Amino acid sequence: MRRLLKVVLLSAFLLSLFNTAKPVQASVSYVVVLHFFHVDTCVNCAAEEEALAEIATRYANLVIHTYEVTDPDNAALFETVKAAFGDVSGTPYTVIGGVAFSGYNDQTKRDIETMIVRYSDEEHSDVVGMILDGQTPQPSDFDTFGYGNGDVIDLPIIGEVPIESLSLGLAAVVIGVVDGFNPCAMWVLLFLIALLADMGNRKRMWILGGTFLLASGAMYFLFMAAWLNVALSVAEVVWIRILIGIVAFLFGVRNLWKFFKKAKQADPGCDVTDAKQKKKTADRVKEIVRSGSFWFAIGGIVLLAVSVNFVELACSAGLPLLYTQLLAYHLLPSGAYYGFIGLYVLFFLLDDLLVFAVAMVTMRVSGVSARYAKWSMLVGGLIMAVLGVLLVFFPEIATLRF
Amino acid sequence: MTVLRFTAVWCPSCLIMKSRWRAFFKERPGFVMVDYDYDDDSDAVKTYGIGDVLPVMIVLDGTREILRLVGEKTMKELERFFGGIGR
């Protein structure tokens with residue numbers, strides 16, 4: 001069984017990294033016209049111009065028209081186009097079909113390319129072309145940036161996501177499970193269940209154990225959601241990506257070092273480090289469980305879950321942070337971001353849920369072997385170290401953008 | 001013969017071993033069991049030189065230590081280490 005688990009985890013991880021299944025690029029059949037409004041002295045415009053030149057080498061059906069807007073005629077056209085799109089921003093300004101992009105960064109480059117691929121296979125209006133021809137674009141000529149029907153898949157709970165982002169789901173499952181085997185906080189649940197099982201009160205066991213799991217999941221979810229918002233705002237900053245890559249690599253090496261240290265240890269078991277702190281937490285759990293007041297017990301359990309998982313984060317922050325960072329590199333509907341985080345948290349809690357379910361059925365608690373924790377260190381360490389290196393040197397692969 | 005068992009409430013491996021010990025010693029009823037808590041029984045922890053991995057099981061023949069098992073052990077390993085002891 002353990003061997004099977006190892007094989008499944010490693011296979012899934014490798015698949016998520018090296019899955020080369022790409023959305024099938026349709027055969028090119030439509031000319032795509034890109035209108036680029038710029039100013040010669042604008043730095044971002046120069047960067048976009050360079051990027052467009054590079055993109056143009058890959059799409060034979062792409063026609064690029066450039067407009068330097070210090071020229072009065074171009075400036076007038078620029079104002080008309082912006083008015084048509086209901087926009088007031090400056091240069092660089094790019095229009096493809098019925099979609100306009102304001103400003104420029106690495107994400108814009110990817111988005112422009114997404115639209116080129118989509119319009120290559122789809123009949124579309126050329127809003128700027130219509131204005132140049134003296135026509136008035138109709139609402140149906142405008143488009144929203146997104147993916148064509150064939151490029152999205154509707155996932156339960158998560159909603160519509162681009163096919164290229166499906167690997168995020170697999171990564172949520174693999175990294176979530178590995179993160180869940182981290183032994184830092186699980187002992188609290190085990191101890192809690194053991195105490196409750198001794199009392200023989202199945203109803204109280206359900207409520208308090210369930211509350212602990214629910215509060216743990218909510219705490220983890222909120223932390224990851226908060227980090228996602230930070231990550232989204234800095235997703236295109238190159239030095240932050242490199243810094244995160246280096247930190248992930250160091251976390252990974254630390255885990256690998258711990259694994260090899262444990263592998264040398266002939267006797268897998270519990271390390272007695274922080275024993276005093278653990279004893280203090282155990283005493284708190286006892287106090288909560290034995291409390292006569294039901295509501296005091298509920299409140300105590302919630303606070304316990306928050307504080308314990310806070311420590312857990314310090315213990316295994318590398319994996320949730322890394323996964324959230326990967327999410328930030330994908331353009332998704334906001335519901336999908338939180339759906340993927342929910343999926344991660346669900347699989348993070350999976351081992352706890354299993355232990356809880358078994359205890360509820362048998363009224364006896366069983367631990368999770370230190371051998372699993374050891375292997376989770378290896379897999380977790382490998383994931384972090386490999387993704388760390390990829391984030392620094394091969395960001396397109398590391399962000400699971402296939 | 002006496003079996004000393006050192007565990008801690010926060011130790012998942014101890015939980016695993018407690019249920020294995022229960023099954024194992026059911027078949028070997030001749031032992032006297034003494035359980036120590038790592039946090040509460042610091043004197044015994046010191047006396048028996050318990051290291052930094054739990055659980056620990058020590059078998060004493062009178063006062064002489066004849067076997068010490070540290071960490072998680074499978075039932076097969078328990079059988080192997082105990083051999084004929086207590087039969």
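Each chain gets a letter, A, B and so on, in the order its sequence line appears, and its residues count up from 1. Note that this is a predicted model, so its numbers are computed, not measured.
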- Item | Worked verdict on A:Lys278 versus B:Asp39 for salt bridge (charged side-chain N to carboxylate O under 4.0 Å, His left out) | CA-CA 9 Å; A:Lys278 287 173 179 165; B:Asp39 301 298; over 6 Å; no
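- Once rounded to the nearest 0.5 Å, the distance linking CD of B:Glu72 with SG of A:Cys270 reads 7.0 Å.
- The number of heavy atoms from other shown groups lying within 6.0 Å of NZ (A:Lys280) does not exceed 12.
- Summarising the local packing, CZ of A:Phe259 is surrounded by more than 12 heavy atoms from other residues, nucleotides or ligands at distances under 6.0 Å.
- For A:Trp206, the ring-ring contact (aromatic ring centres under 6.0 Å, His included) criterion is met by A:Phe356, not counting sequence neighbours.
- Residues B:Val53 and A:Asp271 are in side-chain contact: their nearest non-hydrogen atoms beyond the backbone lie under 4.5 Å apart.
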